[in-house]
Asks: 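The following block contains the structure, expressed as C-alpha cells.
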Amino acid sequence: MTGPGQINRHAEAGRIDRTRRISFTFDGVPMTGFEGDTLASALLANGVKLVGRSFKYHRPRGIFSNGPEEPNALVRLRVGDRVEPNTRATMIPLYDGLVAESQNRWPSLAFDVQAVNQLFARFLPAGFYYKTFMGPFANTKLWMRFERSIRKAAGMGTGTHAPDPDEYDKMSAHCEVLVIGAGPAGIAAARAAAASGGRVILLDEREEIGGRLLMERFQVDGLESGEWLARERGALEAAGNVRILPRTTAFGYYDQNMIGAVERVCDHLIKPPPHQPRQRLWSIRATEVVLATGAIEQPLIFADNDRPGVMLAGAVRGFANQYGVLAGKRIVVAANNDDAYRTAIDLHDLGATIESIVDVRPKGPGPIRQEAKDRGITYLRGYAPVKAQGRRAVRQLAILKLDENGKATGSQRAAACDLVAMSGGWQPTLHLSSQTGAKAYWDAEKCCFLPGPPRQRERSAGACAGVFTLPECLAHGHAAGLEAAEAAGLARPEIEAPKASAPQEVPPRAYWECPDPINTPGKKFVDHQDDVAASDVRLAHREGYISVEHLKRYTTLGMGTDQGKTSNIPGFAIMAKARGVEIGQTGTTTFRPPYTPVALGALAGPEVGERYMALRRTPMDGWHEEQGCEWIDAGLWRRPRYYPSGPRESLFDAYIRETMATRGSLGIVDVTTLGKIDIQGPDAAEFLNRLYINGWKTLPVGKARYGLMLREDGIVLDDGTTSRLGEQHYLMTTTTANAVRIMAWIDYHLQVVWPDLRVKAVSVTEQWAAMALAGPNARKALEKVVDIDLSSEAFPFMACGPATLNKGSAAGEIKGRLFRISFSGELAYELNVPADYGRAAWEMLMQAGAEFDITPYGMEALGNMRIEKGHVAGPELDGRTTADDLGMGRMMSSKKDFIGAKLAGREDLIRADRKQVVGLVPVDGKTKLRQGAQLVEKDAPAEAGTLAAGGKPIPMIGNVTSTGYSPELDHPIALGLVVNGRARLGEEISMRYPLRGLSVPVKIVEPVFVDPKGERLHG
Amino acid sequence: MNDYSVWSVLRGGLTGQRHWKPAWRDPDPQPSYDAIIVGGGGHGLATAFYLAKLHGVKNVAVLEKGWIGGGNTGRNTTIVRSNYMLEGNAHFYEKSLQLWEQLSHELNYNVMFSQRGVLNLAHSDAQMDAYARRGNAMRLNGIDADLLTAEQVREIAPMCDFSDKARFPIHGGLFQPRGGTARHDAVAWGFARAADRLGVDVIQNCEVTGIDVEQGRVTGVQTTRGAIKTKKIGLAVAGHTTQLAEMAGLRLPIESHLLQAMVSEPLKPWIDTVVTFGAGHFYISQSDKGGLVFGGDLDGYNSFAQRGNLPMLEHVIQCGVALMPSLKRLRLLRHWGGVMDMTMDGSPIIGKTPIEGLYLNGGWCYGGFKATPGSGWVFAHTIAQDRPHALNEALSLSRFETGAVLDERGAGPTPGWH
Amino acid sequence: MLRIECPWCGPRDMVEFTYVGDGTLQRPAIGAEAGHFDYVYLRDNPKGVHVELWRHGAGCRQHVAVKRDTLSHDILQCGKPGEVTK
Amino acid sequence: MAELEIRRRSALEGRLEPGDFGTVCADGPRLMVRERPALAIAQVEAWPESAAETVEKIGKTVGVRPSRDPLVATVAGETTALWVGPDSWLLVEPESARGVASLVETLAAELGGQAALTDQGHGRVCLRISGPALTDVLAKGCTLDLDPGRDFDPGRVVGTSLGHMTVTMHRVDEETADLYVARSFAVSFLDWLMHAAAEYGVRVEAA
Ligand SMILES: Cc1cc2nc3c(=O)[nH]c(=O)nc-3n(C[C@H](O)[C@H](O)[C@H](O)COP(=O)(O)OP(=O)(O)OC[C@H]3O[C@@H](n4cnc5c(N)ncnc54)[C@H](O)[C@@H]3O)c2cc1C
Ligand SMILES: NC(=O)c1ccc[n+]([C@@H]2O[C@H](COP(=O)([O-])OP(=O)(O)OC[C@H]3O[C@@H](n4cnc5c(N)ncnc54)[C@H](O)[C@@H]3O)[C@@H](O)[C@H]2O)c1
Ligand SMILES: Cc1cc2nc3c(=O)[nH]c(=O)nc-3n(C[C@H](O)[C@H](O)[C@H](O)COP(=O)(O)O)c2cc1C
Ligand SMILES: [Zn+2]
C-alpha cells in the first residue's frame, strides 16, 4: 500500500528543505516528507486525517494542534526495543526511516472493534465504575474480573519489556540569566541579557529557535522573520557568553531557581551514533530566570468537535506557514478572538477557500477586519459553531446565532468545509511559574490566567505573561532581559529592543462552550484524550464534585499525557458556570512538573545497570578473583563468600571445609571492609567513654578492647574493637555495614554536641588492607614473616602494636599493625598493612602458611565460626536489641554516663520477658535450622488463624537469627532470640518456617558451641 | 439518595444521567457536635463512618480545611498490604486488609480494591532471610505470605533485570497475594458519601485553628467558619498532626517529611502486581487508568511543601531503571509530593492523649493509606469507648516513654530513616 | 533543589550534604539525669522557620546550621552550628 | 621461601592501558587521563589555637605552607597541600620525592603531638585529567559551577560528589585537574570517568 503522495503540500510555502526528501511509514504505509517536517506536518501533507483512537470511546481522532499540547495524535514511534508509546506526532522531527503506528485500536485504525463503546457512551458517564461492579457479595472477586477488561481497554500506547539500548546523560550548568522559550520574547530577552556580559542560556523545546515567528508571516526590524532569526542566532552564538539549547524542554522549576531540562540530543536520528546519548538531562542553576514560554490556544466546545479535521486555528496557520501544509482546502474558522482571523488571511493567501469566520463575539473583530475584508473573507458576528458533521472527517459545520446571553437563537445553518479552524483564545503557558507556587490569577479583560507574583527569582515575558502582539512581545522580552541581568548583579547594558508592528487587537470573549445543536445532539468534548465531555463536567457538578480538584479526579479531566493544556480552562469554565461563579473563583488545578512528559531514561541517567551503584573492592580483590571465589555483596563492597575447591563443591561443603581447615590448622580472611576510624587527642579516652557502654580509661597503650555502642534510645548501635596505639591515639573498628554511619555519628558529637572535647577523628578504612590469620598454626606462620615476638607473654590476647613484614629483606619490607584479636575463636591475628601492599602481604602470608595448608576462607565460614563462638553480628544487632538482650548487659558501666544509658533503663527495655540471644540445636541432631524461622512453644498448634477475624494466631516466642553447622560437633547450630531465653536453657521449643512448611523441634542451649572457655584464643 | 448499581447507571443512560444527587451534602457547621473529627482524609472520614455505623455516634462533623481527600489520601501510591512482622502492627493492618476486602460493598461505592498482590524483591540471601522472618511471622499470625524464588519472580515481573548486568541480582521475594491497590480518591469519596448517609456532616473549606481545652479536657474547636463545641475531638490530619497537637499544647514524637510520588503516561497493562525493589528506593504498580505509579524514599528533610526536588526524583527513577531497564523509554507524566507524618519508630499512633477528650490518629509515615478502614474502625472504637481497642493498644503514644516502640526497620529514633 | 551555603566551602547543592535534623535540640549534659526523652523523641516540627543541621559529607565534613522555611523551602540563613538561631 | 615481589599495587593496576577510547575527533581526544600512582599522602588536622604554628611548621619541613583559607591548594615543587576542611589538609607528593624518612614520619617528627596526623597515602587514588573537555566531563557528575571565576579555578581544591562518589578535586591549571577518590571506589570511579568522557574522545596515558 502506498499513500496518495504529498497532496496537501503547497508548492512554495514553508521553511522545509525541499531538496531533502525523507521516507517514513505510518501504520505500514510508506510516505515521504521533507527535512524540517514533523511527523504531524508530513502526515497532513500526505492527506492523513485519522491518526488515532480516543481513550474511552475509541472515537476517530486527527491531528489537533501543532505543538506540545497535542491530545490526539499520539503514536507508537520506532520499533523493537526502541519503541516509544504515546509520542506526540506534532513534536517528532521527521527523519529518514521513521516508523510510526497508531494506538488504541484493534485490529486497525480504520476499523476498530472497540469503537462500539461509542454506542454505549451514555451508559459510561464519568466515574461510572465507582457506581458499579461492587457485586452482590462482600469480596473483590467480581471487581477483579471487570478490572482486567477495564485495564485492557484503558491505557493508551503499549510499552515494551525489552530494555532500551540507548544511553542517557546528565549535565549541570550555571548561568546568570536563563531564558526559557526562544520565541520573539525569549530571543529579545536573551539578547538584552547577553549584552550585560553575564552567562545566558536560551533554550527551546522546538527543533529551531523562533517560537511562533517560525509559524507566522511577520517582519522584525524590517526583516522577514526567518532572516531576523538567522541574524539574531548568529549574533548570540558569536557573543561567547550565550549557550543556545534547541530541542531542550525545561520541564520543571525546582527550589532555589533550579530548572530541570531535557535535551533530545539524538531523537531526530534513527538511532544515536556511538558514544552519543539519546537525551541529556540538564540541571540548570540560574541566578535569574526569564520565562518566555508563549501561550497555548484553546478550543471551542461544541458537539463532535473531536472529528478529524477540527483543528486549532493557530495550528492550521502554523502548518501552512512553517511546513507549507494546507490541512484543508475549504475552511471555516470559528473563534472568540482576533488572532484566528490571521489563520483565515494566511490560508486564503496560500490558496485555500475560507468559507467564513464564525465569531462568537457580538461585535466581531478589531482592526484586523480590514485585512479580511480586503481579501473578501466574510465573518459572522455573534454566531457559534454547534456541531461538526461527518463521520471519519468533518464535512460541514453547523452554526447558530447567539443572543446577548450567549444562548442560541434562530435556526441552524451549516457551512460545508473540510477543515474547521477553531480558536478559544490563547492561554499563557504559565506551567513553570505555577510550579514554583506562584498562584495564577484570572484576568477578565484579557480572558486568561496570568502568572502570579513570583515566588522565585523569575519573571514572565511575552505571550506567557498575557502580552500578545508581536511588538509588545519584543518590547516585553527585551525589558525582562534587562531586568533579569540587573537583578543578577550585572551592569545594565545599552541595547535597543527589536521592533515590529501589528494591528491592535480587541479582547477575546470568555466563551468556550457553545450551544447544543438542534435535534442532533452529540458529545461536546472538553478533554479529547480522556474523552471528557461537557456533560461529564456537569455530572460532576450535580454530584457534588465541584472543586476543580474533585472535578479533575472524578472525570479525569486534564489527566492525560497533555495534562489538560487545551482542556482545563474550558472545563473549569463550564464548572464555573454551573456553580454560578467566575472562572477566577474556581481557580486552576495544581500545576506539576514535568511540563511535558520526560523519558524516564533521561531522569535515571547513565548510572544504571552495572553502574547503578559503585562497587567497592578491597586491595586483595584481584587475588580473590583469580582464585575463582564466589562473591557476596556487603553494602557496596563485594567480599569473597567462599572459595570453591572445584566446580562441583557446594556452598555448604566449601564453608565446612574452610571452617575445618581454619580450626584444624590455619585460615586467612580478608577483613578490609571493617570501618576503621583514627581517633586522636587529649580527650580521646573520655570520648570513647561516652560513645561506648564500657570503660576506656584504663586501657593501656598496646592493647585492644571490645566495645559496644548504643543509640540514644538505648538500643545497640554497633560493636567492634578499639585499640590504643599511643598515649592519645586510638584506632576504632566498626562493622562493615555501619562504617559510614559511625563516622557521621562521631562527627556529629564532636562538632555539635561536645565541641569542647579535644578529639580528632578521621576515617582510615581506605588506607589499610586488613586480613585475619586464624587457627592453631597462626602464630607459627606469622612468626616467619613479622619482626616481633609473638609469644603469648610478649603479645598476649588483645595485644596490638606495630609490626614489620619481611624486615630488612632486599625484596622490600612492609610496615603494618598487628592485633591479636579473634572473631573465629581461634588463636588469631589481624594484620593491617597499607592498602597498596595488601596483596603483597596477603601473598606473603599465603606462602608462609603453605606448610600449614593455609586455607583462604570467605564470609560463610567467617559467619559460621562466629556462630560457633556465639559472637553476635548483624542479624542479632537488628536495631531492636539491647545490650542485655545480647547477653552483654554487664558490660554497661555504672561508673560513667554514656550515650543511651538513660533511655536504656526504660521499663519496656528492661523487662524480664524480652527476647534474649541463645543457642539453638535441632533435637534430632540432624535437621538444618533456617535463618528467618520463627520460634514457638513446642506444643503450639499447626494452623494459625487471624486475630482480626477472631481466630488464634500462633504466639511467637522468638526467631532464629543466624544458622550454621559445627563440623566439630557435627550438627547444625544456630543463634536465636527467645523470650526470656537465658532462663530456659535445655528446654525444647519448635522452629517454624511455614513458608516452606517446616516445623523442627529445637533445644535452647548456651550460645557458645565451641571452646566455651576460650582456651584456644588465649593459646 | 440514590443507591449505586449497574441498573441505576443504565437507567441514567436513558435520561442523560440527570437523576444523580450530590454524593454528600454541603452543610454549614452546627454550633456543637458529639464528636468532631479534624481532617477529611480517608482516616477522618472512615472514623466518622464507623462512629455512626457501629457506635451509634451520629452527631459527628468531619472538618476539612480544603477539599476532602486532598491530603495524603489523594496523593499516595495506594499500596495496600498487611505484611508486617511485629505483632503490634500485624494484627492491626490485617484487620484493615479484611475491611478492605468488603469495603466497596459496605460503602456501596466501588473503591476498586484490586488484590493483585504485593511483591517485595530480595537481592541477597541475607535479604531473603529477613523477608522469610517477616513472612513466617505473617503466616503464624494467620496472614497470607509466599516466599518466591527468582524464577517465580520472573513469571510475575518479567520486566525486571534478570541479566548478568544487574548490579544487585534478584534472589527472590516475599509475596502477599491478598495485597494490592485501590482507587485512592474513591476511598475518601466513598467514606464521605456513606458517612453522610448516616447523618455525619462533612464540612469542607473549614480549617481548625484552635483547640479549646479547659482543665485538661477539650471543650471545642475554633475554625475558619466559627467556634464549635464538642467534648470529643479526633485528630486525623496526617502531616499536620503536630500542628494540631500544638494547639492543645502537646509536643509529639513526629516530624513532617516530604515524600514524592510519580506517574507515567498511560499504558496498556505493563505490570500486574505491586513490586518493590530491595536494593534501592523504588516501588511500582499500575493504575487502572494505565499510569505506572511509583515512588521511593523521602526527600530527607522536614517539609510541609507537598512539592519535592529533582535529586530525589532522579534517584528514585535511577533505582527504577536499575530494576526495570525497559522503563527508560517510557515517560514521566507528573510528580508531586505529600507531607508525611513520620514517627520516631516508623509506626503510627492511634489512641488517647494526656488531654481528656482529645484522641490522636497520626504518624502514618508512608503506610497509612492501607490502614484507612482499620484506622477508622479502631479510632472510632477508641473515641466512642474512651479506651483503645485491643488492635490499637500497642500503637499508643505512651510507648515511646516506656520503650515499647514498634520499629519494623530497626532504624531507631530518626524519623527520616523509617 | 536546595542550595546550602557551607560556611567553609560556599554555596553547594544539597546532593553534597546529608540531613541531620533539628538543630535546636540540646543534648542533656553528660551525667544529667533528665531531658533525654525530650531530646531523643520530641520535636517542634514547625511549619515555617526551622533551624536544622546538614552535614557537608562530600565536602568539608562539617555540620552546617541552616535556617529554612519548611513550607516554602526558602533558605533564610546558613552558618556554623550554634551561630544560627530561630 | 620464594622471594615475593613486594611493591605497591595501585587499585587501578591493569585497568589503565594506554590508548584512545570513545569518539574519534578530528583534533584528537579531548580528555587525557593518567594515574598519579604511589603517592605519599598525610592528613593533618590542626587544633584551632595552634593551627597557625602548625602551618608554619609544615611549611618549614615539607616546603609547602598549607592554606588556612578554605578551598585553597598550595603547591611547592613536588608537594601539594590540599585544604580539605577547617584546619585540615592533605599533603601530597610522590612517595619517591623524599629520602629515607617518609612524608608522614617527617611530619610526625616535626609536629610531635601538635596536630593529628594520619597516613592516607594508600587510601586515595589520584587521576590526573586534562584537555579541553575537562569541565564538560566534570559537569556530568557534579553540581559545581565550573566556569572561569567560579568554584573551580586553578589553585582551587574542592570536596564534592562526582558521579555519586565523594572526590577531592584539585584544579592544577586551566586544563588540568587531579581527582582523588577513595581507594575502594577507584575502579568504579574510573569506569564512570571513561564513560562520561567517551563522548569527547579520551586518551589514557601511561602513568
Ligand atoms: C507520596 C505518598 C505515597 C504514599 N504511598 C502509600 C502507599 O503506597 N500505601 C499506603 O498505605 N500509604 C501510603 N502513603 C501514606 C498515606 O497516604 C497516608 O498515610 C494516608 O493517606 C493518611 O490518611 P489521612 O486520612 O490520615 O490523612 P490525609 O489524607 O492527609 O488527610 C488529612 C486531612 O486533614 C486536613 N487538615 C490538616 N490540617 C487541618 C486543619 N487544621 N483543619 C482541618 N483539616 C485539616 C488536610 O487538609 C487533609 O485533607 C503515601 C503517602 C504519600 C504522600
Ligand atoms: N495575537 C494573539 O492573540 C497571540 C496569542 C499568542 C501568541 N501570539 C504571538 O505569538 C508570539 C508570542 O511570542 P512569545 O515569544 O511570547 O512566545 P512563542 O510562542 O513565540 O515562543 C515560546 C517558545 O517557548 C517554547 N517553550 C515553551 N515552553 C517551553 C519549555 N518548558 N521549555 C522549552 N521551551 C519552551 C516554545 O517551544 C516556543 O518556541 C508573538 O509573535 C505573538 O504575537 C499572538
Ligand atoms: C495512584 C495515582 C494515580 C495517578 N494517576 C494520574 C494520571 O493518570 N494522570 C495525572 O495527571 N495525574 C495522576 N495522578 C496525580 C494527580 O494528578 C495529582 O498530582 C496527585 O493526586 C497529587 O495532587 P496535586 O498534584 O493536585 O497536589 C495520580 C495520582 C495517584 C496517587
Ligand atoms: Zn563544606
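For clarity, every value in this text was computed on a predicted model and none was experimentally measured. Convention: sequence-line order gives letters A, B, ...; per-chain numbering from 1.
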Asks: Whether the side chain of A/H550 engages the backbone of B/G69 through a donor-acceptor N/O pair (distance < 3.5 Å, no angle test) should be reported.
Replies: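 Between the backbone of B/G69 and the side chain of A/H550 there is no qualifying donor-acceptor contact (under 3.5 Å).
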Asks: With a 4.5 Å limit on heavy-atom distance, are the side chains of A/P994 and B/N136 in contact?
Replies: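 Of all side-chain heavy-atom pairs linking B/N136 with A/P994, at least one is under 4.5 Å.
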Asks: Do B/M128 and A/Q931 come within less than 4.5 Å of each other through their side chains, counting heavy atoms only?
Replies: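 The answer is no; the side chains never approach within 4.5 Å.
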Asks: If I measure from the heavy atoms of chain A, does B/S114 come under 4.5 Å with its side chain, its backbone, both, or neither?
Replies: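 Looking at B/S114, backbone and side chain both touch chain A.
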Asks: Go through B/L99, B/T414, B/L97, B/L14 and name the one with the most non-hydrogen pairs under 4.5 angstrom from chain A.
Replies: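 Sorted descending by pairs with chain A, the first entry is B/L14.
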Asks: Report which part of B/F294 has an atom under 4.5 Å of a heavy atom belonging to chain A: side chain, backbone, both, or neither.
Replies: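 Contact with chain A: side chain only.
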Asks: Do you know which of A/A162, A/A933, A/A904, A/A940 has the most heavy-atom pairs under 4.5 Å to chain B?
Replies: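 When all of A/A162, A/A933, A/A904, A/A940 are compared, A/A162 has the most.
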Asks: Could you walk me through whether A/R996 and B/D146 pass salt bridge (Lys or Arg N to Asp or Glu O under 4.0 Å), step by step?
Replies: CA-CA 9 Å; A/R996 294 284 179 261; B/D146 291 320; over 6 Å; no
Asks: Between B/N141 and A/L947, is any pair of side-chain heavy atoms under 4.5 Å apart?
Replies: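 A side-chain contact is absent here, since even the closest heavy-atom pair is not under 4.5 Å.
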Asks: Quick one: do B/R167 and A/E610 satisfy salt bridge (Lys or Arg N to Asp or Glu O under 4.0 Å)? Show the steps, please.
Replies: CA-CA 5 Å; B/R167 173 73 176 82; A/E610 287 168 303; over 6 Å; no
Asks: For A/D878, is it the side chain, the backbone, both or neither that has a heavy atom under 4.5 Å from a heavy atom of chain B?
Replies: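 Contact with chain B involves both backbone and side-chain atoms of A/D878.
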Asks: Got a donor-acceptor contact below 3.5 angstrom from the B/Q318 side chain to the A/Y612 backbone?
Replies: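 Yes, the answer is positive, given that a donor and an acceptor are paired below the 3.5 Å cut-off.
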Asks: With the side chain counted from C-beta on, respond yes when A/S283 and B/E314 share a heavy-atom pair under 4.5 Å apart, and no when they do not.
Replies: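 Side-chain contact under 4.5 Å: yes.
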Asks: Donor-acceptor pair, A/D164 side chain versus B/L327 backbone, under 3.5 Å?
Replies: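 Looks like no, no N/O pair under 3.5 Å.
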Asks: Going by atom type alone, with no hydrogens or angles, which donor-acceptor pairs under 3.5 Å involve a side-chain atom of residues 129-138 of chain A and a protein atom two or more places apart or on another chain?
Replies:
from, atom 1, to, atom 2, distance (Å)
A/Y130, OH, B/R183, NE, 2.8
A/Y130, OH, B/R183, NH2, 3.1
A/K131, NZ, A/E543, OE1, 3.1
A/K131, NZ, A/E543, OE2, 2.8
A/K131, NZ, A/Y554, OH, 3.4
A/T132, OG1, A/F128, O, 2.9

Asks: Side chain, backbone, both or neither: which part of A/Q563 has a heavy atom under 4.5 Å from chain B?
Replies: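 For A/Q563, the side chain is the part near chain B, not the backbone.
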Asks: Considering only heavy atoms and a distance below 4.5 Å, find which of B/I143, B/D272, B/L107 pairs most often with chain A.
Replies: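 Looking at each of B/I143, B/D272, B/L107 in turn, B/D272 comes out on top.
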Asks: Quick one: does B/K328's side chain have a donor or acceptor within less than 3.5 Å of a partner on A/A599's backbone?
Replies: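 No.
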Asks: Relative to chain A, which segment of B/A145 carries a heavy atom at a distance below 4.5 Å: side chain, backbone, both, or neither?
Replies: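 Contact with chain A involves both backbone and side-chain atoms of B/A145.
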Asks: So which part of A/T160 gets closer than 4.5 Å to some heavy atom of chain B, the side chain, the backbone, both or neither?
Replies: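 Only the backbone of A/T160 comes within 4.5 Å of chain B.
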Asks: Contact part of A/L717 toward chain B, heavy-atom cut-off under 4.5 Å: side chain, backbone, both or neither?
Replies: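 Neither part; nothing is under 4.5 Å.
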Asks: So what's closer than 4.5 Å to chain B heavy atoms on A/R82: side chain, backbone, both or neither?
Replies: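 It is both, since atoms from each part get that close.
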Asks: Counting only non-hydrogen atoms closer than 4.5 Å, does A/R741 touch chain B with its backbone (N, CA, C, O), its side chain (CB onward), both, or neither?
Replies: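 For A/R741, the contact with chain B is made by the side chain alone.
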Asks: So do B/R18 and A/R542 actually touch side chain to side chain, heavy atoms under 4.5 Å?
Replies: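 With C-beta onward as the side chain, the pair touches.
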Asks: B/R331 pairs by side-chain hydrogen bond (donor to acceptor under 3.5 Å, both in side chains) with which of A/T596, A/T87, A/T561, A/N86?
Replies: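 The option that passes is A/T87.
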Asks: Given B/Q115 and A/T140, is the side chain to side chain donor-acceptor pair (under 3.5 Å) satisfied, shown in steps?
Replies: CA-CA 7 Å; B/Q115 295 188 284; A/T140 58; 2.6 Å; yes
Asks: If I measure from the heavy atoms of chain A, does B/C319 come under 4.5 Å with its side chain, its backbone, both, or neither?
Replies: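 Both backbone and side chain.
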Asks: Which of the residues B/R139, B/Q306, B/K268, B/R307 is involved in the greatest number of heavy-atom pairs with chain A at under 4.5 angstrom?
Replies: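 Between B/R139, B/Q306, B/K268, B/R307, the count favours B/K268.
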Asks: Side chain, backbone, both or neither: which part of B/W189 has a heavy atom under 4.5 Å from chain A?
Replies: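 For B/W189, the contact with chain A is made by the side chain alone.
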Asks: Check each atom of A/Q435 against the heavy atoms of chain B and say whether the ones under 4.5 Å are side chain, backbone, both or neither.
Replies: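 Answer is backbone: N, CA, C or O of A/Q435 sit under 4.5 Å from chain B.
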Asks: Please find out if less than 6.0 Å separates the ring center of A/Y545 from that of B/W24.
Replies: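 Yes: the rings meet the under 6.0 Å criterion.
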Asks: Please flag which part of B/F400 lies under 4.5 Å from any non-hydrogen atom of chain A: side chain, backbone, both or neither.
Replies: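 Answer is backbone: N, CA, C or O of B/F400 sit under 4.5 Å from chain A.
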Asks: Among B/G290, B/P266, B/P325, which has the most heavy-atom pairs under 4.5 Å with chain A?
Replies: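 It is B/P266.
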Asks: For A/D81 and B/R329, what are the C-alpha separation, side-chain angles and deciding distance, and is it a salt bridge (Lys or Arg N to Asp or Glu O under 4.0 Å)?
Replies: CA-CA 9 Å; A/D81 48 13; B/R329 275 197 119 80; over 6 Å; no
Asks: Centre of A/F55's six-membered ring, under 6.0 Å away, within 45 degrees of the axis: is that where NZ or CZ of B/K289 sits?
Replies: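 Cation-pi check for B/K289 and A/F55: passes.
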Asks: Is A/M956 in contact with chain B via its backbone, its side chain, both, or neither, using a 4.5 Å heavy-atom distance?
Replies: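 When you check distances to chain B, atoms from both the backbone and side chain of A/M956 fall under 4.5 Å.
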Asks: Is there a salt bridge (Lys or Arg N to Asp or Glu O under 4.0 Å) between B/D288 and A/R148 once you walk through the steps?
Replies: CA-CA 9 Å; B/D288 285 350; A/R148 215 167 313 144; over 6 Å; no
Asks: Of the backbone (N, CA, C, O) and the side chain (C-beta and beyond), which part of B/W377 lies under 4.5 Å from a heavy atom of chain A, both, or neither?
Replies: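 Neither part.
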Asks: Do A/P953 and B/L140 have side chains that get closer than 4.5 Å, going by heavy atoms?
Replies: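 Sidechains of B/L140 and A/P953: no contact.
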Asks: Passes side chain to side chain donor-acceptor pair (under 3.5 Å), B/Q17 versus A/S535? Steps please.
Replies: CA-CA 9 Å; B/Q17 305 289 353; A/S535 55; over 6 Å; no
Asks: What residue among A/F251, A/F591, A/Y254 forms ring pair (Phe, Tyr, Trp, His ring centres under 6.0 Å) with B/H335?
Replies: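 Checked A/F251, A/F591, A/Y254 against B/H335; only one passes ring pair (Phe, Tyr, Trp, His ring centres under 6.0 Å): A/Y254.
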Asks: Relative to chain A, which segment of B/E265 carries a heavy atom at a distance below 4.5 Å: side chain, backbone, both, or neither?
Replies: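 For B/E265, the contact with chain A is made by backbone and side chain together.
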Asks: If you count heavy-atom pairs under 4.5 Å with chain A, which of B/A166, B/A137, B/A186 comes out on top?
Replies: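 Most heavy-atom pairs within the cutoff with chain A belong to B/A137.
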Asks: Quick check: does any side chain N or O of A/Q934 sit under 3.5 Å from a backbone N or O of B/R133, one acting as donor and the other as acceptor?
Replies: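 Yes, the answer is positive, given that a donor and an acceptor are paired below the 3.5 Å cut-off.
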Asks: So for A/T882, is it side chain, backbone, both, or neither that comes closer than 4.5 Å to the heavy atoms of chain B?
Replies: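 Nothing of A/T882, per the 4.5 Å heavy-atom cut-off to chain B.
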Asks: Under a 4.5 Å cutoff for heavy-atom pairs, which residue among B/R116, B/E94, B/R334 has the most contacts with chain A?
Replies: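 So the answer, after comparing B/R116, B/E94, B/R334, is B/R334.
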Asks: Go through the atoms of B/D125 and report whether side chain, backbone, both or neither lie under 4.5 Å from a heavy atom of chain A.
Replies: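 Side chain only.
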Asks: Please look at B/L333 and chain A and tell me whether the side chain, the backbone, both or neither of the residue comes under 4.5 angstrom of a heavy atom of that chain.
Replies: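 Both parts, heavy atoms under 4.5 Å.
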Asks: Please report the C-alpha distance between A/T946 and B/Q98 in whole Å, then the side-chain angles of each, then the deciding distance to 0.1 Å, and finally whether the side-chain contact (heavy atoms from CB on, under 4.5 Å) criterion is met.
Replies: CA-CA 10 Å; A/T946 68; B/Q98 291 179 12; 3.0 Å; yes
Asks: Can you tell me which portion of A/A949 sits under 4.5 Å from chain B's heavy atoms? Options are side chain, backbone, both or neither.
Replies: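 Backbone plus side chain of A/A949, per the 4.5 Å heavy-atom cut-off to chain B.
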Asks: Under 4.5 Å heavy-atom distance to chain B, tell me which part of A/R911 shows up: side chain, backbone, both or neither.
Replies: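 Neither part.
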Asks: For B/R409, check salt bridge (charged side-chain N to carboxylate O under 4.0 Å, His left out) against everything at least two apart and list the hits.
Replies: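 By the salt bridge (charged side-chain N to carboxylate O under 4.0 Å, His left out) rule, B/R409 matches no residue at all.
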